[in-house]
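See below for the structure under consideration.
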Amino acid sequence: MDTPVSPLAPEVLERDDLRRALDEHDFAAAFTLIKKWAGLSQNKIATACHLTPGKVSNIIAGQHQITSIAVIRRIADGLGIPGALLGLAPRPWERRTPPPTQLPTEDRQPSEEVPWRPDATVGQADHLTRSDLVMNRRAATRALSAAAITGAALLDTLEGWLQPASADSRLRRRGRLAERDLDALEATARAFRTWDHQYGGGVRRKAILGQLSEVAAALEEHQSTPIERRLYGVMAQLAGSAATMAWDSGLQRRAQDYYRVALRSAHAAGDTLFGANVLAGMARQMLYADHPQDALELVRLAQDGARTTAGPRLRAMLHTREAWAYAAMGRHAAFKRASTQAEEALSSAGPDEEPYWIHYFDTAELAGVTGGRLLDLARTDPHQHAPAAAQEIRTALDQRGPEASRSHALDWIGLAECAFLLGDVTGAAETTVHAVSAAAHTQSGRVRHQLALLYPYTVGRDVPGPLREARDQIRDLLAN
């Protein structure tokens, strides 16, 4: 067979909604999506697949289902759809297709010398923001494909965290920032962080990068020592928010780059508390990427750096990251121990004793995180862990409202999965509807990812009507 000239662009074939439809052999949905995103008419689809236009029309209308393997093969070959997407062996033309050109590697980052030099930190921030602010579509695609760094390649670059910074001996012109300028910058960094916590997603990422670039430029000048230290603190917070937003947008490597800038900036500011918080964020990214050992190393690095300065909320949060890693590694006893340590630490927290950025970590957050980890365990042993997971997640939902929209949506998604694992189809349908509604109020990529993991539970010919409606809503939401 000749290699087909596929009318489907790679970005169409990579769409999650199309891949799900193909995996389920839902050709009504698949042809509809191909019409929408590839711009193909029904006649062109029919010609490519050796079907009549009337047959394609009936398929899209749901009046005809394709069950013949021979027809499915014709669709794969006619539209250039890889066999794996349809549950087929690789098609003959796939084996003759030359391998794709290797993507260019990420720009080389400044060296991670030890001890860390503040001027190198400023250089990293300037390099990243400049490249991101002028990123074109091709560069954005390349950034999306860049995987997160793991293992020694990641951990060895962070050794400077536990050592004093080297002196900044650059010759710089005199800066003119005043206290009131720093007050405004700190308020801006706080506003961005609050917005990200509430809504998630990367909608305001470019605005943060612009502000981060301005702060880096100010640090190229010689400010007074108190002003410079506060500037590094602002840069740490802006870079931390940029990292979270990059991660929420699927830019895994970029997120790590900004996390490193945030950590080095906190180090230059002498802010061990926020530095530990940055390392906790890096650990969470590793946990989502299924690298629990790396996550545990990052948490221990955070605990070592803030051992004498961390307050109860920060200690509790770090213990939950530790517990998460243990759960992912199947170490149930260690998970329970770390979870208990988190509860004990949080029990001594006062209302305003710690920095504003850790105030979100309260009993609701602890319940939500613990419920999520019990849900991880429930996927392999639902009867033992799913009831406890559901109880913790309900506690989180009761104690925090939809104003924390990303966490609120993740709670509902987790509660729906608990119901599925326990075989409670009626409860699953009800909670899935709530989950979809909550997810619609956030742009978070993490929420979309968790919703995609919930989707397979809704697939099947025997599911009740409300669940079929929820499945369609999930598909529509993931398509946008």
Side-chain angles (χ1 to χ4, degrees), residues 155 158 161-162 197 240 263 266 271-288 290-381 384-400 404 407 410-411 414:
L155 298 169
L158 308 178
W161 161 244
L162 297 178
H197 178 63
L263 184 63
D271 191 346
T272 57
L273 301 181
F274 192 73
N277 184 65
V278 172
L279 286 164
M282 298 179 80
R284 182 177 56 183
Q285 185 186 18
M286 288 293 98
L287 288 163
Y288 270 95
D290 197 24
H291 290 281
Q293 187 60 53
D294 287 349
L296 194 58
E297 293 291 339
L298 289 164
V299 172
R300 287 170 176 165
L301 196 59
Q303 291 169 328
D304 286 345
R307 192 171 302 281
T308 61
T309 55
R313 291 182 192 274
L314 181 57
R315 292 200 310 274
M317 185 270 286
L318 291 174
H319 281 309
T320 62
R321 294 287 193 272
E322 188 181 2
W324 190 343
Y326 287 136
M329 297 164 71
R331 297 179 57 184
H332 295 190
F335 161 72
K336 291 179 181 178
R337 171 174 52 80
S339 296
T340 299
Q341 288 174 322
E343 292 177 13
E344 292 173 348
L346 189 60
S347 67
S348 63
D352 298 308
E353 296 174 353
E354 295 177 75
Y356 78 89
W357 44 260
I358 195 63
H359 286 177
Y360 80 95
F361 199 88
D362 52 16
T363 54
E365 182 68 16
L366 177 60
V369 174
T370 303
R373 307 298 63 79
L374 287 166
L375 176 56
D376 292 340
L377 297 175
R379 294 188 182 110
T380 55
D381 191 347
Q384 180 175 350
H385 298 292
Q391 182 178 345
E392 292 286 352
I393 294 171
R394 285 194 188 94
T395 299
L397 284 168
D398 289 341
Q399 293 185 10
R400 64 180 170 203
S407 297
L410 290 170
D411 287 340

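All values reported here derive from a predicted model rather than from experimental measurement.
Listed by first then second residue, pairs satisfying salt bridge (Lys or Arg N to Asp or Glu O under 4.0 Å) with a partner in residues 370-379 read R373-D376, D376-R379, R379-E417, not counting sequence neighbours. Contacts classified as salt bridge (Lys or Arg N to Asp or Glu O under 4.0 Å) and involving residues 318-337 (residues at least two apart or in different chains) are not found. Among pairs with a residue in residues 301-330, those fulfilling ring-ring contact (aromatic ring centres under 6.0 Å, His included) read Y288-W324, at least two apart in sequence or across chains.
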Please tabulate, for the side chains in residues 272-285, all donor-acceptor contacts under 3.5 angstrom to protein atoms that are two or more places apart in sequence or on a different chain.
unit_1, atom_1, unit_2, atom_2, d
T272, OG1, T309, OG1, 3.0
Q285, NE2, Q252, O, 3.0
Q285, NE2, Q252, OE1, 2.9

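For the pair T370 and I393, the minimum side-chain heavy-atom distance is 4.5 Å or more. A 4.5 Å side-chain heavy-atom check between V369 and E365 finds at least one atom pair inside the cut-off. Contact check for H385 versus H332: side-chain heavy atoms found under the 4.5 Å cut-off. Within the 4.5 Å cutoff, no side-chain heavy atoms of L366 are placed close to those of E392. Counting only heavy atoms from C-beta outward, the side chains of E354 and P312 approach each other to under 4.5 Å.
L298 CG to W161 CH2: the interatomic distance, rounded to the nearest 0.5 Å, is 12.0 Å. Between atom CZ of residue R315 and atom CG of residue L346 there is a gap of 10.0 Å, rounded to the nearest 0.5 Å. Taking CG of L318 as the start and CG of L301 as the end, the distance is 11.0 Å to the nearest 0.5 Å.
Checked for salt-bridge contact, D411 and R400 meet the test: a charged N lies under 4.0 Å from a carboxylate O.
The salt bridge (charged side-chain N to carboxylate O under 4.0 Å, His left out) test applied to D304 returns R307, not counting sequence neighbours. In this view, S348 satisfies the side chain to side chain donor-acceptor pair (under 3.5 Å) rule with no residue, not counting sequence neighbours.
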With side chain to side chain contact (heavy atoms under 4.5 Å, CB included) as the test, would you mind laying out the steps for F361 and L314 before giving the verdict?
CA-CA 8 Å; F361 199 88; L314 181 57; over 6 Å; no

